[in-house]
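Quick notes on the structure that follows.
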Amino acid sequence: MTFAQGAFGLAGLLLLLGGLSGLLLPTTARRFLTNLLTAIGAGAACVGAIRVFTSNEPLSIVANNVLPFGQAVFEIDELSAFFMLVIGVVAIPAAIYAVGYTKHGLSSRTTQAMFPVFVLSMLLVVSAASMATFLICWELMAITSLVLVVTEHRHRDARSAGIWYAAMTHFGFLAILVGFAILSMHAPLDTFGVIGESSLTITPWLRSLAFLLFFVGFASKAGAVPFHVWLPRAHAEAPSHVSALMSGAMVKMGIYGIVRVCWDLMGLGSRWWYMVILAVGIVSAIFGILHAMASHDLKRLLAYSTSENIGLILIALGAAGIYKVGKSDALAAFAVAAALLHVLNHAVFKGLLFLSAGSVLFATHNRNLDQLGGLAKRMPFTMLTFAIGAMAISAIPPLNGFASEWLMLQSLFQGIPSDSAYRNVLFPLALGAMALAGGLVAATFVKALGTGFLALPRSESAAEATEVGGFMKIGQLLLAITCVVLGFGASFLSGLLTRTVASLRGLYDIEPINHHHAWMQLPGSSTRLSTLVIGAVLIGAVILTIVVLRLLRSPAKARVAPTWACGRELQTPRMEYTSTSYAEPLRRVFANVLRPDSDISVDRRNESQYFVQSVHYYLDLRDVIERRFYTPLLTFARKWGELGRQLQNGSIHRYLAYIMVALLCVLVIAR
Amino acid sequence: MLRTGKVAEAPIAPADVASPPQAKSFRGSVQLRHVDAGSCNGCEIELGTCFSPVYDGERYGVRLVASPRHADGLVVTGVVTEHMATALEKTLEATPEPRIVIALGDCAMNCGEFRDAYAVRGAVSDVVPVDVAVPGCPPEPEAIIAALRKVTQR
Amino acid sequence: MSISGIALALSQAALLLALSPFVIGVIRQVRARAEGRQGAGIRQPWRDIRKLLRKERIRPVYASWIFHAAPMVLFITSIVVATIIPSITTRSAANGSADFLAVVFLLLAGTIFLALAGLDAGSAFGGMGSSREMTIAALAEPTLLLAILAVSARAQTSGLGEIVKAGIDHPSMLIAPASLLALGALAIVTLAENGRIPVDNPATHLELTMVHEAMTLEHSGRDLALIELASYMRLVFYLTLIANLFVPWGVATTLSPAAIGIGIVALLGKLVVLAAVLSMVEVLLAKLRLFRIPELLAGSFVLSFLAVTVSSFLA
């Protein structure tokens, strides 16, 4: 047994043990043991993944007689290992965080036991190397996460989120299943290697159909618009450590699926495949961030922002495909590398943001930004970690979001001008979309941080909040440090990315990013970037500024005075800008996309119409895709379902009649 | 624009009084926050005129600003009414040190016409310490600028 | 990264820092003369800063550490951007480590912190300014990116130094239609991002019409001095970009003292001309209503998008 095999075996064992201990141990013990076993298990998987990178050899495990109808085939190559790191980097802090977070009301046996199994199922998904294994692991991941989403099933919203999630994820599963059925029609075996070989022999239109099915299936798991409807519900209602893991790692399984199946297995497709990916990416990026910006529910906001980031990743992947079709292999590899780095970085900062939001929820029992505020004074640590996450997601140099945002923008920049008219039109559009999304992300997270944490508390619950405990802090701290380290050290990740990308079909032996110590350099261009240098210069500038200010003898001591309120006697939280009012200008600018339904009614006193008794403001910001597409679809399905129910009215006579008719039909057909 | 040319009149000589001690630290740049503590708006018109092209108070380094945090002092016009007394105190508290208070017009100096009115708390100096006073009802722009030049020392 | 490169980077930062208040002084002075006034002289902004640095700092009672951190972040990001932008030379050391995307996101960092500080004091005006500022910043972002992309296409790199150098080497590209479209787009973004008329009025006293000013209503003393200096520098960055991307002559491409001397003189000349143009624009235009600004920015986005597509189809 090799070292890596041992590490993965240990990971599996620990996670299963974690699941068992969650089922069997008493409350406090299971809270500690299950979650710590999960953290160590995920850590072991990360060690194994790193070993795969250092040892140069993909690792393959075939287990006979595990599945009822044959072997379970696992193979861990660099791509799998990379995604294992993505899972691990969120799972470890989330598990440690869970020790503290599940203290009140979330320590039920099912919730505790499902968490390690959920982590294990994701690790299995990225290592599965045959169709049956993949599908079973995929379903296991769907079910464990579903159970975790409905942890608080006594709330109506959580139940509804669970139903939406179950429906969407199984719709996606169905699409993937049919896709695999088409893809493997000529394959003698169902291992990925064999399917990959034989997939090129399928007729082009069937291949395209399979691609579309896969893309729909994986995009619905990734939460890309228009398959995103489950995401804001499920992420908002799930316990926060689960949200972090779902948003940081599980939706990336959709991206993994697209890279693994649509790229690595299926080989090169038509140009329009990748244009579809690019278009879905653009729509997701803009639609996702607009809803995040308009949302006043902290966790919903983060969930919509996940759709946006998935959109950015899809844009880069679409661009990669278009490059590959145009035979620019180096640029294709570069774009894939950019997308993968963003997968990792998004996992880190979104995990951090969800854990910090979870701490806010834990301390205030409130996730409505319009009722939060003032937490900077009461929860300074959580505020700091949320701020680091918000800066990272806004791509502020030198934090990690900047490095991948830079690479993704560059991956489009490098493609224009070109001989291809498609690129010349599509790429500037995609760039414009990414830049607009970037600006809106900044606005969204200034809103979240500013109205959630700064100034005066807007409700009792926020005013009485206290800082969370040690385990939760450790979870947040780990991710915050990772944000900073991955930011400063971005250029040192290029080796990892190179190895990952070079394991993909059609991109073997290409170095996507040249790496000179602390500099990243694009292949075939003089463009260079060093986040380390930018960071160092920023720190130098701070020191220099402070020294100069001291030399100038500028008074540093600040007098504390009441907020300037034009001489008014009193400053109350009701005078602050709320999250809803903060988003108002942008909501108005993008009213055509968001289609908010709002109304104001003013009640006047009977004595005189000049005296206002009360003002009611009504704002409905439900997702327009949900309202215009899913609601009619559901109504339609329900109507036919009602009709179908009439077939089954409990009468034995009628059932006997059905059986007879069916029998006659069979006899006639089979003769 | 070119045909009209410069309409600003020749500079007005600074007033013949001692500069307030804070003026030394301003060194040619004075931002003022205007507080109407209960004025009849006569002084406001004259103050506004000071910053018109004709008198161009800005050339001496004076500007009116929106926030007392940005200001080096207050220009207070009118008597201090009961309702404005707290606001005036709060505005002064909101102004960073070193700061000055300019009482503009007779009302601000000694309640003028409204001395015994029932809603009047008193002159500006009854509520906050006054450093510079400009008499007149209303004071002429020349007088205001002459006083301001002593503050900016330009 | 050479010693001379580092020295050039530092001197660029020092020069832009020293220069930018004078550029604001020129803008105000030209404006004063256009209005028939005498004006306070071009040294007045420096007098203001000097005084502010010696004044007391005040922190609103509800504010957190963000309140004092914001001016610092705004200032240091401006200093770092000053080392990157090819103002007098294309050979600054920072040029090899950061391209224009880094500049865009560094400037965004300053905007974000200032917007946070606007919310921090809990006053309605701060929130209002912050909300408006982020709206405008978000809408201006795509234009800014695409406008610079349109001119970067000729150099095949996003490094600002290389783009300027390519302009000097191939002057024919500067009068291409793409360049003119990009210039128009960048000019509008300059007005929007720096809170100039017609987007915002830097001299307003009326809180309800404020954008930038409303966020800083609470800052005083050295916090305010840093904010003012940084906003002066940010305006100068945009003017420098316009000047050196579209009229690159004079920027030093070698390390000889003569070239650098010419670079400084050329920069001064260009900035004075642009400052005069900007202040005439401000005198002649009226401020737009807040909800007309998105239309202006959408127009500028169309310009920059056309610039990119035109440049790639004609390339």
Side-chain angles (χ1 to χ4, degrees), chain A residues 376-377 394-397 402 406 409-410 413 416-418 424-425 428 431-432 435-436 438-440 442-443 446 449-451 454-456 519 525-530 533-534 537-538 541-542 545 549 552 554-555 557-565 571 575-577 582 584-586 588-589, chain C residues 53-54 56-62 64 66 72 75-76 79-80 83 96-99 101-102 105-106 108-109 112 115-116 119-124 127-128 130-132 134-135 137-138 141-142 145-146 149 153 156-159 162 217-218 221-222 291 294 301 305 308-309 311-313 315:
Chain A
K377 296 243 165 107
S394 310
I396 296 309
F402 172 67
W406 186 82
L409 287 168
Q410 285 293 354
F413 266 138
I416 18 184
S418 80
N424 283 343
V425 175
L431 271 173
L436 180 62
L440 290 170
V446 166
L449 184 60
T451 60
L454 301 183
L456 284 167
W519 283 270
S525 160
S526 60
T527 308
R528 301 210 305 170
L529 178 83
S530 170
V533 170
I534 296 179
V537 176
L538 278 169
V542 173
T545 309
L549 284 174
L552 290 173
S554 170
K557 205 168 159 293
R559 170 161 67 94
V560 177
T563 296
W564 170 240
Q571 174 76 12
M575 294 163 188
E576 291 176 69
Y577 248 48
Y582 197 88
E584 203 270 348
L586 279 168
R588 213 198 269 205
V589 173
Chain C
L53 279 174
R54 304 305 288 272
E56 183 190 32
R57 271 168 128 189
I58 297 180
R59 179 172 72 244
V61 61
Y62 310 123
S64 66
I66 290 269
M72 186 57 93
F75 183 71
I76 60 160
I79 291 283
V80 174
T83 64
S97 300
D99 63 344
L101 290 176
F105 282 101
L106 280 169
L108 187 64
I112 286 178
L116 284 174
L119 283 166
D120 203 10
S123 87
M128 187 183 69
S130 165
S131 160
R132 291 174 178 179
M134 290 314 296
T135 303
E141 202 79 340
L145 214 64
L146 287 190
L149 170 66
Q156 288 289 308
T157 167
S158 58
E162 285 82 2
L217 279 179
E218 291 288 340
R222 81 183 204 197
F291 287 102
F301 175 73
F305 181 73
V308 175
T309 41
S311 81
S312 42
F313 278 118

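It should be emphasised that the depicted structure is a prediction, and the values quoted were computed from it without experimental measurement. Order of the sequence lines fixes the chain letters, A, B, ..., with proteins taken first and strands second; residue numbering starts at 1 for each chain.
- C:T135 and A:P585 make their closest contact through OG1-CB, 3.5 Å (heavy atoms, listed as atom of the first residue, atom of the second, distance).
- Looking at residues two or more places apart in sequence or on another chain, you find a salt bridge (Lys or Arg N to Asp or Glu O under 4.0 Å) between C:R57 and C:D223.
- Note that OH of A:Y582 and CG of C:L119 are 5.0 Å apart. Values are rounded to the nearest 0.5 Å.
- If you measure heavy-atom distances from C:I66 to chain A, the contacts under 4.5 Å come from the side chain alone.
- Put simply, of C:S130, C:S64, C:P294, the one with the most heavy-atom pairs under 4.5 Å next to chain A is C:S130.
- Side-chain contact, C:S158 with A:Q410: a donor N or O sits under 3.5 Å from an acceptor N or O.
- For chain C, the nearby part of A:F402 is the side chain; its heavy atoms alone come within less than 4.5 Å.
- In this structure, C:V61 and A:V560 have side chains that are in contact, with non-hydrogen atoms separated by less than 4.5 Å.
- Proximity to chain C is absent for every atom of A:A565, based on heavy atoms less than 4.5 angstrom apart.
- Taking C:S131, C:P60, C:A137 one by one and counting their heavy-atom pairs under 4.5 Å with chain A, the maximum is reached by C:S131.
- Only the side chain of A:L549 comes within contact range of chain C, with heavy atoms under 4.5 Å apart.
- Atoms CZ and CG, on C:R54 and A:L552 in that order, are 7.5 Å from each other to the nearest 0.5 Å.
- Proximity to chain A is limited to the side chain of C:F305, based on heavy atoms less than 4.5 angstrom apart.
- For C:E162, there are no salt bridge (Lys or Arg N to Asp or Glu O under 4.0 Å) partners, not counting sequence neighbours.
- A:V589 touches chain C through its side chain: at least one heavy atom from C-beta onward sits under 4.5 Å away, while N, CA, C and O do not.
- Residues A:P397 and C:A102 share a closest heavy-atom pair of CG-O, 4.4 Å.
- The backbone N or O of C:S123 lies less than 3.5 Å from no partner atom in the side chain of A:T563, so there is not a single donor-acceptor pair.
- In terms of heavy-atom pairs under 4.5 angstrom with chain C, the leader among A:S394, A:S418, A:G439 is A:G439.
- Considering only heavy-atom pairs separated by less than 4.5 Å from chain C, the leading option among A:P562, A:A442, A:A376 is A:A442.
- C:L146 touches chain A through its side chain: at least one heavy atom from C-beta onward sits under 4.5 Å away, while N, CA, C and O do not.
- Comparing A:Y577, A:W406, A:W564 by heavy-atom pairs within less than 4.5 Å of chain C, the highest count is held by A:Y577.
- Counting heavy-atom pairs closer than 4.5 Å to chain A, the top-ranked of the candidates C:A109, C:G159, C:G221 is C:A109.
- When each of C:L145, C:V308, C:I112 is checked for heavy-atom pairs under 4.5 Å with chain A, C:I112 comes out on top.
- Residues C:L101 and A:L529 form no side-chain contact, since every pair of their non-hydrogen atoms from C-beta on lies 4.5 Å or further apart.
- Note that CD1 of A:I534 is 6.0 Å distant from CG of C:L106, once rounded to the nearest 0.5 Å.
- Ranked by heavy-atom pairs shorter than 4.5 Å toward chain A, the options C:T83, C:D99, C:T309, C:I79 are led by C:D99.
- Looking at C:E56, its side chain never comes within 3.5 Å of a backbone N or O of A:P555 through a donor-acceptor pair.
- Your options are A:T451, A:L456, A:I396, A:L449, and the one with the most heavy-atom pairs under 4.5 Å with chain C is A:L456.
- How far CD1 of A:I416 is from CG of C:L149: 4.5 Å, rounded to the nearest 0.5 Å.
- For C:M128, the parts sitting under 4.5 Å from any heavy atom of chain A are the backbone and the side chain alike.
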